[in-house]
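Below, chains carry the letters A, B, ... as their sequence lines are ordered, and counting in each starts from 1.
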There are 2 protein chains.
Amino acid sequence: MTETPAIDSLFAATCVHPSPEDPAVEALVTAIIAQVADKWTLLVLEELTEGGVLRFGEIGRRVEGISQKMLTKTLRDMERIGLVSRTVHPVVPPHVDYALTNLGRSLGAAFCGVWTWAAENRERIEAAKAAFEERENARR
Amino acid sequence: MTETPAIDSLFAATCVHPSPEDPAVEALVTAIIAQVADKWTLLVLEELTEGGVLRFGEIGRRVEGISQKMLTKTLRDMERIGLVSRTVHPVVPPHVDYALTNLGRSLGAAFCGVWTWAAENRERIEAAKAAFEERENARR
DNA sequence: ATCCATACTTACCTGAAGGAGAGTGTGCGA
DNA sequence: TCGCACACTCTCCTTCAGGTAAGTATGGAT
C-alpha cells in the first residue's frame, strides 16, 4: 500500500472542516456542495474560467458531450446560486452571454485544490486500483 | 448582484487548473473528481476524518440516511481507489474496521477548500437564490 | 417565399441509481 | 434449541437523471 508519508507534508492543513455549528447549516452546506460538485457544473466552470465571456453555443461546443437540455439546466442552476451572470442582448438571432461572477471565480479557486489533488495523485490511484483488483482475484 | 470585491482577496489564488498536458490525463482526472465528488463519499470521508477508525455499523449510524447497500458500495469504491483501508478481524460476529489512508486524508484536506467556500458563501448563495426567484417572478 | 441562425422549451423515453427488505453464516448467551 | 449480533449480499421495484427530437420566434440573406 506504500503509505508514503511524503504526501502528508504536501497537504498538511488539517481542517477537519470548520462547522460544528448547527446541523441545519451543515445540511445546507452539504446541499451546496452536492449541487456544485456536479460533472457538468465543473466542466462549465472550467470553460468559463478559461474562456471568460462565452455564448451559449460556444460553451456547448467546448464542453464535449453535453446536450442542449443539460447545458440550459446547468447554466440556469449556476445562475440561480450566483455563479454565473447571464446577459441577454435582445437582437434577432438571440444572443446571450455568460460569464463567471466573483462568486463563481472563487468557487473555481476553491476547487483548484481538488483538481490539483486529482492530478497529483492520479498514478497513486491507478496503482491502488490495480492492487485492489489483484487482492480480489487472489481472494477467490 | 453586489459583486463585492472583498471576496477576491479571500480566494486570490488563480489556478485556472494546472494541466494543458494531454487530454487523456484530463479525462482521467475528471473521472476521479466525478467519483470523489459524490454525496455519500463526501459524507463518509467526513465521518472518518472526525472519527478515526470506525466499524461498518458505526459509519452507518453516523451518516444519516444512507442505506446498507450504498454504504457498502461507497466504502468499497473508496477502498478501490485507496482512500480507505479495510481491516477484517476474523471473529464470530464479523468485525471490520475502516480508516482513512494517507491518500484519503489528503483528499479531505483538498476538499477543505470547497467546504470552507460553501460555509463562507452560504448567505451569499441564499441571497442569490432569492434574487433569482424575484427576477423570475418579475419577468412574467 | 423559403430557409437559416440562435437560444431555448417541451414531450417522450430509457437506463441507471438507489431504497426497502429479506437472506446468510456462525458462535454464544439464554 | 432458539434467536441474536454483525457485515454484508441479493432481489425487487420505484424514481429520476438525462438523451433525442421536435417546436418556437424573427429578421435577414438567398
Interatomic distance where [atom1] belongs to [X] and [atom2] belongs to [N] [whole Å]:
X: B:D97; N: D:dC6; atom1: CG; atom2: C1'; value: 12 Å
X: A:I66; N: C:dA7; atom1: CD1; atom2: P; value: 14 Å
X: B:K73; N: D:dC8; atom1: NZ; atom2: C1'; value: 16 Å
X: A:R61; N: C:dA5; atom1: CZ; atom2: P; value: 11 Å
X: A:E58; N: C:dA5; atom1: CD; atom2: P; value: 16 Å
X: A:K39; N: D:dG19; atom1: NZ; atom2: P; value: 8 Å
X: B:M70; N: C:dA17; atom1: CE; atom2: C1'; value: 7 Å
X: B:L71; N: D:dT9; atom1: CG; atom2: C1'; value: 13 Å

Any idea which of [options] is nearest the [X] side chain?
X: B:P94; options: D:dA7, C:dA5, D:dG19; answer: D:dA7
X: B:Y98; options: C:dT6, D:dC8, D:dT26; answer: D:dC8
X: B:P93; options: D:dA5, D:dG18, C:dG18; answer: D:dA5
X: B:V92; options: C:dG19, C:dT26, D:dA5; answer: C:dT26
X: A:R86; options: C:dA7, D:dG19, C:dA20; answer: C:dA7
X: A:F56; options: C:dG18, D:dG18, C:dC8; answer: C:dC8
X: B:Q68; options: D:dC8, D:dC12, D:dC6; answer: D:dC8
X: A:V96; options: D:dA7, C:dC8, C:dT6; answer: C:dC8

Under 3.5 Å donor-acceptor, A:R105 side chain and A:L100 backbone
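Present.
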
Phosphate oxygens OP1/OP2 of D:dT9: is one of them under 4.0 Å from a side-chain N or O of B:R76?
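Yes, because at least one side-chain N or O of B:R76 sits under 4.0 Å from OP1 or OP2 of D:dT9.
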
Between A:R55 and C:dA7, does any side-chain N or O lie under 4.0 Å from OP1 or OP2?
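Indeed, a polar side-chain atom of A:R55 lies that close.
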
Return the orientation label for the B:Y98 and B:F56 ring planes: parallel under 30°, perpendicular over 60°, tilted otherwise.
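Judged by the thresholds at 30° and 60°, the geometry between B:Y98 and B:F56 is tilted.
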
Note, A:M78 side chain near A:T74 side chain (heavy atom, < 4.5 Å):
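Touching, per the 4.5 Å side-chain cut-off.
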
Under 4.0 Å, heavy atoms only, any strand: does B:T72 hit a base, just the sugar-phosphate, or nothing?
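Counting heavy atoms under 4.0 Å across all strands, the contact made by B:T72 includes a base.
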
N-O pairing of A:E79 and A:R76 below 4.0 Å:
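Here A:E79 pairs with A:R76 in a salt bridge, since their nearest N and O are under 4.0 Å apart.
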
Any carboxylate oxygen within less than 4.0 angstrom of a Lys/Arg side-chain nitrogen, looking at A:E133 and B:R80?
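Counted as a salt bridge, because a side-chain N and a carboxylate O are separated by less than 4.0 Å.
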
